[in-house]
Undergrad: 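Here's a structure for you.
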Amino acid sequence: MAAIEYKLLHVDKQTGARLGEVKTLHGTFQTPIFMPVGTQATVKTMSPEDLEKVGAQIILANNYHLWLRPGQEIVKEAGGLHKFMNWNHPILTDSGGFQAFSLTDNVKFNEEGISFKNHLSGKPMFLSPEKAIEVENDLGADIIMSLDMLTDFHSDYAEMQKAVNRTTRWAERGLKAHQNPDTQALFGIVQGGGYEDLRKQSARDLVSLDFPGYSIGGLSVGETKEEMNQVLDYTVPELPEDKPRYLMGVGTPDALIDGVIRGVDMFDCVLPTRIARNGTVMTSKGRLVIKNAAYARDFGPMDDNCDCYACRNYSRAYIRHLLKAKESFGIHLTSYHNLYFLLDLMKQVREAIKNDRLADFRAEFFENYGYNSKHMNF
RNA sequence: GGAGGAGUAGCGAAGUGGCUAAACGCAGCGGACUGUAAAUCCGCCCCAUUAUUGGUUCGGUGGUUCGAAUCCACUCUCCUCCA
């Protein structure tokens with residue numbers, strides 16, 4: 001069989017959003033789905049058992065980080081990433097393209113690949129599309145990304161066109177280098193910033209190479225919500241209906257819902273776990289900076305409407321105390337809740353699609369969360 | 001009783017004539033965070049108003065000086081050592 005199989009189960013009559021599932025060798029996950037990020041083969045503060053409890057079905061790990069440390073050969077020797085980190089469900093690895101983009105200080109791009117300095121040792125490193133695949137093959141995730149080239153969302157047309165074309169060539173090289181197409185699904189990544197013709201061209205070029213799934217990259221890098229939604233509006237229709245679509249790096253509740261409405265199936269983001277560690281939680285009524293003094297004597301749960309372990313057992317006052325005291329249990333509880341919150345949100349979204357009422361759900365959710373839901377065009 | 005040392009903003013701690021409302025750290029308060037070099041980063045943090053400006057400070061009192069946390073005198077408190 002192929003490494004993954006996507007099955008479209010239902011299309012929401014109100015919005016056209018897709019309900020589906022993706023079958024992998026490590027189990028099936030429901031779409032639309034949010035994927036927690038575990039860069040260094042761990043979702044910070046969360047055990048695999050915790051991840052199962054918050055409803056995670058697939059998680060991310062990072063090629064770049066694991067390549068540098070501990071080194072993919074060690075992970076391979078351990079029996080692969082699933083075994084190494086004790087997560088026997090689907091895993092997706094990112095290629096390292098985003099690291100090259102975000103750690104720009106010591107990075108140089110050319111047609112062959114990306115040269116940069118190892119941020120841990122300072123040693124010069126070179127990541128080619130082939131090398132990225134080789135590392136990902138060794139790590140053994142169920143879904144892997146080809147190496148892509150990002151530029152600033154507002155780069156000029158010529159620069160963006162160069163990045164798009166190079167990303168396509170790199171995707172093709174990755175496809176050729178891929179050793180395990182029967183066990184690992186390689187996704188190509190659509191680039192093109194906010195240029196409609198480039199996005200469409202990028203998508204078409206990748207589709208012609210026939211990947212088992214497609215990512216949309218270069219978003220949530222500083223552009224507005226409107227810009228992101230516009231890009232999705234003209235990009236997603238270029239992608240085949242029988243393959244999963246993955247919007248990379250998106251994790252605010254509104255963007256998740258609006259992405260689903262535009263036909264996206266998969267999302268990942270560090271946001272819920274990062275803001276959790278920095279003292280902010282997501283609730284049904286919006287973000288709450290739980291470390292603020294206002295909650296010192298608030299003995300209610302983080303979110304009245306949440307039935308996660310953290311909300312059922314611990315108060316805002318207690319969690320705030322733990323955070324102020326820098327006790328690790330505090331960031332575990334906030335991380336636990338934030339992941340539960342987003343995963344539960346996606347569960348509700350799937351339910352809404354099934355019942356053909358995603359537009360209604362969106363309106364209700366936005367109202368409670370405090371988003372302005374006026375400009376909804378889908 | 002004698003000798004030496006120290007007293008700076010909530011705490012710790014720089015500063016020994018003007019560039020000092022006073023470095024820096026901690027605590028406190030607020031903000032940011034989107035394919036994780038992030039349990040991080042950025043502000044504020046004497047008082048009042050505030051992108052400004054004004055007022056009061058460096059144990060206390062009184063001096064010297066155009067000008068003092070910084071120099072002098074007296075005084076209070078604490079620490080160490082000797083009796």
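In what follows, chains are A, B, ... by sequence order, proteins preceding strands, each numbered from 1.
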Undergrad: Taking any heavy-atom pair under 4.0 Å as a contact, classify A:Q191: base, sugar-phosphate, or nothing.
TA: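 Result for A:Q191 = base.
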
Undergrad: Report the hydrophobic cluster partners of A:M160, with the cluster defined as I, L, V, M, F, W, Y residues connected by side-chain heavy atoms closer than 4.5 angstrom, directly or transitively.
TA: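 Reading the cluster by chain and number, A:M160 sits alongside A:Y157, A:V164, A:Y195, A:L198.
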
Undergrad: Starting from the 5' end of RNA chain B, give me the residue, A:G97 or A:S328, whose nearest nucleotide shows up first.
TA: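 So the residue in question is A:G97.
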
Undergrad: What does B:G18 pair with, Watson-Crick or G-U, if both distances are under 3.5 Å?
TA: B:C66

Undergrad: What's A:K117 touching, base or sugar-phosphate or nothing? Going by heavy atoms closer than 4.0 Å.
TA: nothing

Undergrad: Could you tell me which nucleotide pairs with B:C78 by Watson-Crick or G-U wobble geometry, both distances under 3.5 Å, or answer none if nothing does?
TA: B:G5

Undergrad: Please list, chain by chain and in numerical order, all residues satisfying salt bridge (Lys or Arg N to Asp or Glu O under 4.0 Å) with A:K53, sequence neighbours excluded.
TA: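 Result, salt bridge (Lys or Arg N to Asp or Glu O under 4.0 Å) vs A:K53: none returned.
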
Undergrad: Considering only atom P, compute the distance from B:C47 to B:A9 and round it to an integer number of Å.
TA: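 14 Å, rounded to whole Å.
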
Undergrad: Using Watson-Crick or G-U wobble geometry with both distances below 3.5 Å, tell me the partner of B:G43, or none.
TA: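 Checking every strand shown, B:G43 finds its partner in B:C29, with both distances under 3.5 Å.
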
Undergrad: Answer with base, sugar-phosphate or nothing: what part of the nucleic acid does A:L60 contact at a heavy-atom distance below 4.0 Å?
TA: sugar-phosphate

Undergrad: Which part of the nucleic acid, if any, lies within contact of A:D148, taking any heavy atom under 4.0 Å across all strands shown: a base, the sugar-phosphate backbone alone, or nothing?
TA: base

Undergrad: Partners of A:H26 by side chain to side chain contact (heavy atoms under 4.5 Å, CB included), sequence neighbours excluded?
TA: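 Side chain to side chain contact (heavy atoms under 4.5 Å, CB included) list for A:H26, sorted by chain: A:T24, A:H82, A:N88, A:P90, A:D142.
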
Undergrad: Heavy atoms only: give me the nearest A:V349-A:P32 pair and the separation to one decimal.
TA: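 Between these two residues, the closest heavy atoms are CG1-CG, 4.3 Å.
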
Undergrad: Under the ring-ring contact (aromatic ring centres under 6.0 Å, His included) definition, can you give me all pairs with a residue in residues 336-365 of chain A, not counting sequence neighbours?
TA: A:Y309-A:Y336, A:H332-A:Y336, A:F365-A:Y369

Undergrad: Please report the distance separating the C1' of B:G7 from the corresponding atom of B:G67, rounded so that it comes out in whole Å.
TA: 25 Å

Undergrad: Hey, quick one: are A:I74 and A:L66 part of the same hydrophobic cluster, counting side-chain heavy atoms closer than 4.5 Å, chains of contacts allowed?
TA: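 Hydrophobic grouping puts A:I74 apart from A:L66.
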
Undergrad: Using salt bridge (Lys or Arg N to Asp or Glu O under 4.0 Å) as the criterion, list what pairs up with A:E111, not counting sequence neighbours.
TA: A:R166, A:R169

Undergrad: Base, sugar-phosphate or nothing for A:G218? Non-hydrogen atoms, less than 4.0 Å.
TA: base

Undergrad: Who pairs with A:D303 by side chain to side chain donor-acceptor pair (under 3.5 Å), at least two apart in sequence or on another chain?
TA: A:S284

Undergrad: In whole angstrom, give me the gap between the C1' atoms of B:G15 and B:A21.
TA: 14 Å

Undergrad: For the pair A:E112 and A:R173, find out whether any cationic side-chain nitrogen is under 4.0 Å from an anionic carboxylate oxygen.
TA: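 Counted as a salt bridge, because a side-chain N and a carboxylate O are separated by less than 4.0 Å.
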
Undergrad: Which hydrophobic side chains are connected to A:V289, either touching it within the sub-4.5 Å cutoff or through other members that do?
TA: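 Its cluster partners, ordered by chain and number, are none at all.
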
Undergrad: Which nucleotide, in any strand shown, forms a Watson-Crick or G-U wobble pair with B:C24, with both distances under 3.5 Å?
TA: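 Checking every strand shown, B:C24 finds its partner in B:G12, with both distances under 3.5 Å.
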
Undergrad: For RNA chain B, which residues in residues 37-48 of chain A have a heavy atom at a distance below 4.0 Å?
TA: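 Contacting residues: A:V37, A:T39, A:K44.
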
Undergrad: Of the residues in residues 272-281 of chain A, which ones touch RNA chain B at a heavy-atom distance under 4.0 Å?
TA: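 Within this stretch, A:T273, A:R274, A:I275, A:R277, A:N278, A:T280 sit under 4.0 Å of the strand.
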
Undergrad: Which nucleotide of RNA chain B is the first, and which the last, in the 5' to 3' direction, to come under 4.0 Å of a heavy atom belonging to chain A?
TA: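 First and last nucleotides in contact are B:A27 to B:U40.
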
Undergrad: Using the salt bridge (charged side-chain N to carboxylate O under 4.0 Å, His left out) rule, collect all pairs that involve residues 60-85 of chain A, keeping only residues at least two apart or in two chains.
TA: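 Sorted result for residues 60-85 of chain A: A:K76-A:D138.
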
Undergrad: Residues in side chain to side chain contact (heavy atoms under 4.5 Å, CB included) with A:K123, at least two apart?
TA: A:N118, A:S121

Undergrad: If pairing requires Watson-Crick or G-U wobble contacts with both distances under 3.5 Å, which nucleotide is the partner of B:A73?
TA: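 Across any shown strand, B:A73 pairs with B:U61.
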
